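Each remark here refers to the structure printed beneath this line.
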Protein chains: 2
Amino acid sequence: MSDLLERLRRRGWRMTAQRRVVAEVLAGEHVHLTADEVHARAAARLPEISRATVYNTLGELVALGEVIEVTTVKRAKTYDPNAHRHHHHLVCVRCGAVRDVYPTGDPVSDLPSSERFGFTVQEAEITYRGLCPGCSAG
Amino acid sequence: MSDLLERLRRRGWRMTAQRRVVAEVLAGEHVHLTADEVHARAAARLPEISRATVYNTLGELVALGEVIEVTTVKRAKTYDPNAHRHHHHLVCVRCGAVRDVYPTGDPVSDLPSSERFGFTVQEAEITYRGLCPGCSAG
DNA sequence: TCCTATGCTAGACAATATCTAAGTCGGCTG
DNA sequence: CAGCCGACTTAGATATTGTCTAGCATAGGA
């Protein structure tokens, strides 16, 4: 989205072809990509982009809060561009598919203070696990 | 604990010095260790134990349901020996400390069917994030 | 005690992520 | 609108984590 590029520019990001392509790859598909997948898609448009730049750019987007890093059981982290609406994840234990979901209720309020051990709890993130329609049918 | 060793023996595990040491390391400290940390502690007692054996043994313990694999933001997976009481995790975003916690309520029931997208939901795992007493004081 | 399948080892390999040194370029200044 | 500077990018080396292989060792049953 040009929204994203706009916000980044306003935050003093120097706009380069590489950063633009990475941001566009993420904003274009609302799915969870690994760094390598982002690199592959970015390289399709800008063949000489290096892996290091993709990693750097993803790291910056995460630091700016524009993208969320999601760690599942798979080895590689994935990057979720849906950072502006707080949500949780539903993961297929068979094929690894991920969906963003919006449960009701607030898990933080379900953690009694006796279970907080002096921590200042900021947020909670729920990972639902199960089988996706394709995998439970198979 | 010999509890754990007992259960493993009953399940037909061939008991070797290496497996005993790995199981003891996990059962001894109720903390979340990475595979490398398990290897280091195991090697303190049995110097020639190899990394492959530690990985294999941890994988078997996970498959047997005696240990849970926990993936946090850190790169390496950690192994949680508290597998027999379903629980969630409270993580310090600064220092990475992890506590097992038992919230009230059932997150699975908070996911309406309109948010399940045809998935068969089996379980939910909550990661609470915040600052531990030491880090919020600093 | 002996045998055999299972387990162990070192080290190679694979996958993911970060670092480094040198070259490039966005965008401010004049 | 040209020059400059520091932020950005690059290729490739390196680090970290995890898996595989081939041959040796051994637990535990006969």
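All values derive from a computational prediction rather than experimental measurement. In the text below, chain A, chain B and the rest are named by the order of the sequence lines, each starting its count at 1. Computation of the quantities below employed the complete heavy-atom set of this structure, encompassing side-chain atoms and omitting hydrogens, waters and symmetry-equivalent molecules.
For the pair A:Lys74 NZ and D:dG18 P, the interatomic distance rounds to 16 Å; values are reported in whole Å. Regarding B:Leu33, its CG atom lies at a distance of 17 Å from the C1' atom of D:dG18, rounded to whole Å. At whole-Å resolution of the value, CZ in B:Arg20 and C1' in C:dC8 are 15 Å apart. The nearest whole Å value for the distance from the NE2 atom in A:His39 to the P atom in D:dG12 is 13 Å. To the nearest angstrom, C1' of D:dT16 lies 14 Å from NZ of B:Lys77. In this structure, OH of B:Tyr79 is placed 9 Å from C1' of D:dG18, rounded to the nearest angstrom. When the C1' atom of D:dT19 is taken as reference, atom CG of B:Asp36 falls 14 Å away, rounded to whole Å.
Looking at heavy atoms from C-beta onward, A:Pro133 lies in side-chain contact with B:Phe119 at the 4.5 angstrom threshold. Within the 4.5 Å cutoff, the side chain of B:Cys132 has heavy atoms near those of the B:Cys95 side chain. Considering only heavy atoms from C-beta on, A:Val67 comes within 4.5 Å of A:Leu26 through its side chain. Annotation: side chain of B:Val62 is not in contact with side chain of B:Leu64 (no heavy-atom distance under 4.5 Å). Residues A:Phe117 and B:Val101 are in side-chain contact: their nearest non-hydrogen atoms beyond the backbone lie under 4.5 Å apart. For the pair A:Leu111/A:Arg116, a side-chain contact is recorded, criterion being any heavy-atom separation below 4.5 Å from C-beta on.
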Could you provide the dot-bracket string of DNA chain D, using ( ) for intrastrand pairs, [ ] for crossing pairs and | for bases paired to another strand, with Watson-Crick or G-U pairs below 3.5 Å? ||||||||||||||||||||||||||||||
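Each salt bridge (charged side-chain N to carboxylate O under 4.0 Å, His left out) pair with one or both residues in residues 57-66 of chain A, not counting sequence neighbours, appears once here: A:Arg7-A:Glu66, A:Arg11-A:Glu66, A:Arg19-A:Glu60. Judged as a ring pair (Phe, Tyr, Trp, His ring centres under 6.0 Å), the pairs with a partner in residues 13-52 of chain B (not counting sequence neighbours) are, in order, B:His32-B:His89. The salt bridge (charged side-chain N to carboxylate O under 4.0 Å, His left out) contacts involving residues 72-88 of chain B comprise B:Glu69-B:Lys77, where partners must be two or more places apart or lie in separate chains.
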Under 3.5 Å, which N/O atoms of the protein pair with N/O atoms of nucleotides 27-30 of chain C?
| residue | atom | partner | partner atom | Å |
| --- | --- | --- | --- | --- |
| C:dG27 | OP1 | A:Met15 | N | 3.1 |

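Under 4.0 angstrom from either OP1 or OP2 of C:dT16 there lies no side-chain N or O belonging to B:Arg75. Residue B:Arg19 places no side-chain N or O under 4.0 Å from the OP1 or OP2 atom of D:dA27. The side chain of B:Gln18 contributes an N or O atom lying less than 4.0 Å from OP1 or OP2 of C:dT9.
For B:Glu115 and A:Arg99, the salt-bridge test fails: no basic side-chain N is under 4.0 Å from an acidic carboxylate O.
Of the two residues contacting DNA chain D, namely B:Ala17 and B:Asn56, the nearest-nucleotide position lying further toward the 5' end is that of B:Asn56.
Closest heavy-atom contact between A:Pro103 and A:Ile126: CG-CD1, 4.4 Å.
Within residues 44-55 of chain B, the residues approached by DNA chain C to less than 4.0 Å at the level of any non-hydrogen atom are B:Glu48, B:Ile49, B:Ser50, B:Ala52, B:Thr53, in residue-number order.
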